[in-house]
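Quick notes on the structure that follows.
Residue numbers begin at 1 in each chain, while the letters A, B, ... track the order of the sequences.
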Protein chains: 2
Amino acid sequence: MRKAQPVSPPTQEALGILAAMIRAARMQRGMTAAELGTRVGVSRGVIQRLEAGEPGTAIGTAFEAAVILGIPLFDVPTDQLGTLLDQKRALNALLPKRAFQASQSKPDNDF
Amino acid sequence: MRKAQPVSPPTQEALGILAAMIRAARMQRGMTAAELGTRVGVSRGVIQRLEAGEPGTAIGTAFEAAVILGIPLFDVPTDQLGTLLDQKRALNALLPKRAFQASQSKPDNDF
DNA sequence: AAGATATGACCCATTCATAGATCACATTCG
DNA sequence: CGAATGTGATCTATGAATGGGTCATATCTT
């Protein structure tokens, strides 16, 4: 049972941004949708839907396309993703491993 | 004919980063995986896979979770995504609408 | 200008991600 | 310590996303 996902407006905007970035990067490299699809490992149709901002495409496909096109994810150069990942993992190591509903005593402080 | 896609290492790292960010944000808010799933509109299992960095999850689901948790996408506050989207669209409006292979493979004439 | 081709929009058969349940385990709280 | 519950893993049925094709249109090149 997969669910047709209705996404919120901010999410739709974010999808549109990524879609536009991918399309711009692809055009700037003079790459056809079919060629990008081949490099990413999906068909041309998936690239089209990705550049249309459809929410159902696999996130792995989207990120792979971004990496191939040289689009920096998380505002970090592709070759530094590993370092950022280590940082994020270190943060999670400090956080509790389970969230208890009863323990809501802590007001959510961002960051 | 779907293809179980093997993603490249940088893509896998990016997936891990997003997964870690989502998990950290969820924990910091004392939210259970089931609750986040309900808010996003998916089941608890999908949240698990998302936080495990699996590439097959729908990108709409991932972005929706990020938005709900207040994670800034593209280093922009959620309420400013619309502005960034307009910028990206403006850029695409200036770029060619189609990519031709011929235009690429002909930088040299003769000699 | 004409020719060439990339794109967008469909369609359909196939396949995999998802929902939902259950189980074992570990962690948190009383 | 013991009880409670969140998490992770696994299983099955189902429906949605994908692959691959076709078609019409737009737009780029020569």
Q. When you match Glu51(B) and Thr57(A) each to their closest nucleotide on DNA chain D, which lands nearer the 5' end?
A. Glu51(B)

Q: Provide, to the nearest angstrom, the distance between the CG atom belonging to Leu95(B) and the C1' atom belonging to dC28(D).
A: 15 Å

(Q) Categorize Gly56(A) for me: base, sugar-phosphate, or nothing, with a 4.0 angstrom heavy-atom threshold over every strand shown. (A) sugar-phosphate

(Q) Please say yes or no: joined through hydrophobic side-chain contacts below 4.5 Å, possibly via intermediate residues, are Ile71(B) and Leu84(A) part of one cluster? (A) yes

Q) Any side-chain N or O of Arg26(A) under 4.0 Å from OP1/OP2 of dA6(C)? A) no

Q. For dA26(C), does either OP1 or OP2 sit under 4.0 Å from a side-chain N or O belonging to Arg98(A)?
A. no

Q: Please tell me which of the listed nucleotides, dT27(D), dT7(C), dT27(C), lies nearest to the side chain of Lys97(B)?
A: dT27(D)

Q: Output yes when a side-chain donor or acceptor of Glu54(B) lies under 3.5 Å from a complementary backbone atom of Arg49(B), and no otherwise.
A: no

Q. When all nucleic acid strands are considered with a 4.0 Å heavy-atom cut-off, which category describes Ser43(A): base, sugar-phosphate, or nothing?
A. base

Q.
Contact list please: residues 8-17 of chain A against DNA chain D, heavy atoms, distance less than 4.0 Å, in numerical order.
A. none

Q: Take atom CD of Gln48(A) and atom P of dC11(C), then tell me their distance rounded to the nearest Å.
A: 15 Å

(Q) If you assign Glu54(B) and Ala34(A) each to the DNA chain C nucleotide with the nearest heavy atom, which residue ends up on the more 5' nucleotide? (A) Ala34(A)

Q) Checking all strands, does Ala52(A) fall into the base, sugar-phosphate, or nothing category for heavy-atom contacts under 4.0 angstrom? A) nothing

Q. Looking at the side chain of Phe100(B), which of dG6(D), dT7(C), dT29(D) is the nearest nucleotide?
A. dT29(D)

Q | Under-4.0 Å salt bridge between Glu51(A) and Arg26(A) | A | yes

Q.
Between the base of dG8(D) and the side chain of Arg44(B), is there a donor and acceptor pair under 3.5 angstrom?
A. yes

Q.
I'd like to know if the side chain of Arg29(B) and the backbone of Leu69(B) have a donor-acceptor N/O pair within less than 3.5 Å.
A. yes

Q) Once you round it to whole Å, what is the distance between P of dA17(C) and CD1 of Ile47(B)? A) 16 Å

Q. Under 4.0 Å between a side-chain N or O of Arg49(B) and OP1 or OP2 of dC16(C)?
A. no

